[in-house]
Amino acid sequence: MNQWEVVIGIETHAQLATISKIFSGASTAFGAAPNTQACAVDLALPGVLPVLNKKAVECAIRFGLAIGAEVAEKSVFARKNYFYPDLPKGYQISQFELPVVVGGEIALQVGHGEKAYEKVVRLTRAHLEEDAGKSLHEDFRGKSGIDLNRAGTPLLEIVSEPDMRSSDEAVAYAKSLHALVRWIGICDGNMQEGSFRCDANVSVRPSGQAELGTRREIKNLNSFRFLKEAIDYEVQWQINEIEEGRRIHQATVLFDPDSGETRMMRSKEDAHDYRYFPDPDLLPLVISGDWIVRVKSELPELPGQMRERFINDLGLSAYDARTLTASRELADYFESTVAIAGIANAKPCANWVMVDLAARLNKEGRDLGDSPVSAAQLAGLVQRIADSTISNNIAKKVFEALWNGDGATADEIIDQQGLKQITDSGAIESLVDEVLAANPASVAEFRAGKEKAFNALVGQVMKAAKGKANPQQVNDLLRQKLAG
Ligand code: ADP
Ligand code: MG
C-alpha cells in the first residue's frame with residue numbers, strides 16, 4: 001500500500017449568486033416550475049444574442065483577488081461544442097484559452113488537533129461559463145423531460161493544480177474553497193441545490209516517480225462525504241487494477257453513493273473533441289484596472305487576513321485562528337463575543353465558542369445562525385468567569401441555563417439560581433473544618449502519603465458548598481490545615 005502515491009486535482013463549479021443569468025435576463029432563483037425561467041436566449045431561439053451579466057464578472061474578479069491570482073485584463077468566451085438534449089444551442093459558452101482568473105492559491109488546514117498540518121494548494125485558473133439545463137427522467141410515463149431553468153445560470157469553474165495527496169487533503173481543499181466563496185459572497189454554497197459541486201481527478205503513481213499517473217475524473221460530487229468516499233474507493237480500485245497487471249485508461253466516472261463505488265460513464269474526451277473556438281457573438285471581456293481597484297475596495301477582510309489579526313492582536317494560536325475563521329458567521333460571532341468580553345478574554349471566548357458552543361450546536365444538529373445563546377450572552381458568561389463570580393464548573397451549568405432559557409443573561413441566571421461563588425474565606429474555612437472533622441479516615445490516609453485522599457477531601461468540601469466554593473481557596477485552606 002505504502003508504495004503508491006495518490007494525486008488529486010479538483011475542478012469545482014460554483015454557481016454565482018446573481019439574480020439573473022449570465023447571458024440573459026431570466027431569473028436564477030431555485031425551485032421554480034420547469035421551464036418558467038428560460039427566456040428566448042436560454043432556449044436558443046434563432047436570432048437572439050447573449051449579453052454578458054456584469055455582476056457575474058464582478059464575482060470572478062472578487063474571487064481572483066481573494067486568492068491572490070491575476071485577473072486577466074482580457075479574456076475570451078469560447079464555444080464548447082457538444083450535443084446533449086439539455087443544451088439547445090449545441091454548445092456551451094465557456095472560456096478556454098484565455099480565462100478571466102489565472103493562478104492564485106488557497107491555504108488550508110488538513111486534519112484536526114495534534115495531527116493537523118497546513119498546506120497550500122495552487123490554483124490553475126478560474127473561468128466563467130454557463131450551466132446547462134436538466135433532464136428529468138421521473139414522472140413522465142417512460143419519457144424524459146427537459147427543464148431549461150438552469151440553462152444559462154452563471155458558473156465559475158475553479159481548477160486546482162494536482163497538488164492534493166489524499167482524500168483528506170481533497171476534502172480540506174473543497175471545504176476551504178466552499179468557505180471562501182461564501183465568505184466573499186459570490187456563491188451561496190448550497191450543495192443540495194447543486195450550487196457547489198466538485199469533480200475529482202484521481203491518479204496513483206509509485207512513490208518517488210515524478211511523472212503523473214493516468215487519471216480518472218469522478219464527476220459531480222455534491223457533498224464532502226461523497227468526495228471522500230468516492231476518492232477512497234477510486235484509489236483502491238486503481239491500485240488494484242495496476243497490481244493485477246492492467247492499465248488505467250483515462251475516463252470519466254460516476255460515483256454511486258448507494259454502493260459506494262465509482263463506475264465508468266465514458267472514456268475521456270479531449271479538448272480538441274469539443275472544437276473550441278471564440279464565440280463570435282461576444283466581445284472579448286476587458287477588465288480595467290479601475291474596476292479591479294473598486295472591487296478590491298469592496299472586499300471584506302479575508303479569512304487569511306483575519307487569522308493573522310487573531311494571532312497577532314488577540315494572541316490566539318494558529319489552530320484556534322484557523323478554526324474560528326472556518327466561516328464568516330463563526331468569525332463574526334466570535335468577534336462580537338470578544339467585543340463585549342474584552343480582548344483580555346479572547347482566549348476564553350475562543351474556547352467557549354469552539355468547544356462548548358460548537359459541541360452543543362453539533363449535538364442538536366443546529367447552525368450557529370439559530371443558536372439559542374447569543375454572542376452577548378456568551379460574553380456575559382465569560383466575564384463572570386474572568387472576575388471569579390463563578391467557577392468554570394458552575395459556568396457549564398450557567399451555559400446550559402442560557403441554552404434552555406428565555407434570553408436571560410448570565411448575571412440573571414447566576415442571581416436567580418444563587419450560583420455566585422463563595423469566596424468569603426471565613427465561610428470556606430468553616431466548611432473545611434466540618435469536612436476534616438467528619439472524615440478522619442481520609443485525613444489519616446493523606447498524612448500516610450496518599451495524595452488521592454486529598455482530592456477526596458476537596459470533593460467533600462465542594463459538595464458541602466454545592467459546587468460554589470472557589471476551588472483555589474479550598475485547595476489552599478485544606479493544605480494549610482492538613483500541614484498544621
Ligand atoms: P480537463 O479535465 O477539462 O481535461 P485538465 O486537463 O486541465 O482539464 O485537468 C483538470 C484537472 O485534473 C485539474 O484539476 C488538474 O490538476 C487535474 N489533473 C491533471 N492531471 C492529473 C493527474 N495525472 N492526476 C490527478 N489529477 C490530475
Ligand atoms: Mg475536467
Side-chain angles (χ1 to χ4, degrees), residues 4-14 63 67 69 75 77-82 84 91-106 108 119-132 155-174 176-178 196-221 227-228 230-239 241-242 247-255 262 264-277:
W4 295 103
E5 182 178 46
V6 177
V7 175
I8 304 160
I10 294 183
E11 295 161 278
T12 305
H13 289 91
F63 181 74
I67 58 161
S75 61
F77 287 99
R79 291 185 178 182
K80 181 178 183 181
N81 299 280
Y82 65 97
Y84 207 73
Y91 60 86
Q92 175 196 28
I93 306 179
S94 182
Q95 295 188 308
F96 184 53
E97 276 167 345
L98 295 174
V100 62
V101 171
V102 180
E105 59 185 40
I106 291 189
L108 37 125
K119 160 133 196 162
V120 173
V121 171
R122 295 165 300 155
L123 297 190
T124 315
R125 57 188 270 157
H127 62 257
L128 285 163
E129 63 183 28
E130 60 178 345
D131 208 344
L155 302 177
L156 190 65
E157 177 170 338
I158 302 157
V159 183
S160 87
E161 290 288 303
D163 281 353
M164 287 146 280
R165 294 292 173 269
S166 66
S167 59
D168 285 339
E169 289 187 1
V171 170
Y173 166 79
S176 285
L177 186 61
H178 183 253
F196 186 93
R197 20 190 228 267
C198 293
D199 304 339
N201 293 268
V202 180
S203 66
V204 298
R205 63 180 168 188
S207 295
Q209 176 183 304
E211 193 192 332
L212 292 175
T214 302
R215 74 185 147 120
R216 303 211 313 162
E217 176 173 356
I218 316 166
K219 277 279 174 202
N220 272 332
L221 297 161
L227 178 63
K228 180 164 170 61
I231 293 172
D232 287 341
Y233 177 86
E234 179 64 23
V235 165
Q236 269 318 308
W237 185 87
Q238 289 188 15
I239 291 173
E241 285 291 293
I242 299 171
R247 281 184 45 213
I248 304 297
H249 300 278
Q250 194 166 317
T252 302
V253 304
L254 281 180
F255 175 65
T262 53
M264 175 97 161
M265 185 166 126
R266 53 178 188 253
S267 73
K268 174 73 187 175
E269 62 291 332
D270 282 315
H272 62 249
D273 294 327
Y274 289 116
R275 296 274 180 259
Y276 279 100
F277 64 88

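Owing to the predicted nature of the structure, the values given are computational and were not obtained by experimental measurement. Each ligand, and each atom within it, is numbered from 1 in the order the structure gives. Throughout, residue positions are numbered sequentially from 1 according to the sequence presented.
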With heavy atoms only and a cut-off of under 4.0 Å, state how [X] meets ligand 1: side chain, backbone, both or neither.
| X | answer |
| --- | --- |
| E161 | backbone |
| N201 | both |
| T214 | neither |

In terms of atom number and element, which parts of ligand 1 are under 4.0 angstrom from non-hydrogen atoms of [X]?
| X | value |
| --- | --- |
| I10 | 14 (O) |
| V159 | 13 (C), 14 (O) |
| E217 | 2 (O) |

Contacts of F96 meeting ring pair (Phe, Tyr, Trp, His ring centres under 6.0 Å) (sequence neighbours excluded), chain-then-number -> Y276
Pair E211 + R205: basic N to acidic O under 4.0 Å:
no
Regarding H127 and E129, do their side chains bring together a donor and an acceptor under 3.5 Å, going by distance alone?
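Yes, a side-chain donor-acceptor pair sits under 3.5 Å.
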Considering distance alone, does some N or O of P162 sit under 3.5 Å from an N or O of ligand 1?
yes
Can you check whether G213 has an N/O within less than 3.5 Å of an N/O in ligand 1?
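N/O-N/O distance under 3.5 Å: yes.
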Should we say atom CZ of R247 is surrounded by more than 12 heavy atoms from elsewhere, each under 6.0 Å from it?
no
Mind checking what makes side-chain contact (heavy atoms from CB on, under 4.5 Å) contact with E105, not counting sequence neighbours?
V120
Minimum non-hydrogen distance to atom 4 (O) of ligand 1, winning option of R215, R205, Q250, R216
R215
Report yes if the side chains of S166 and V6 come closer than 4.5 Å at any heavy-atom pair, otherwise no.
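No, every pair of side-chain atoms sits at 4.5 Å or beyond.
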When you measure from the side chain of Q95 to the backbone N and O of V100, does any donor-acceptor pair fall under 3.5 Å?
yes
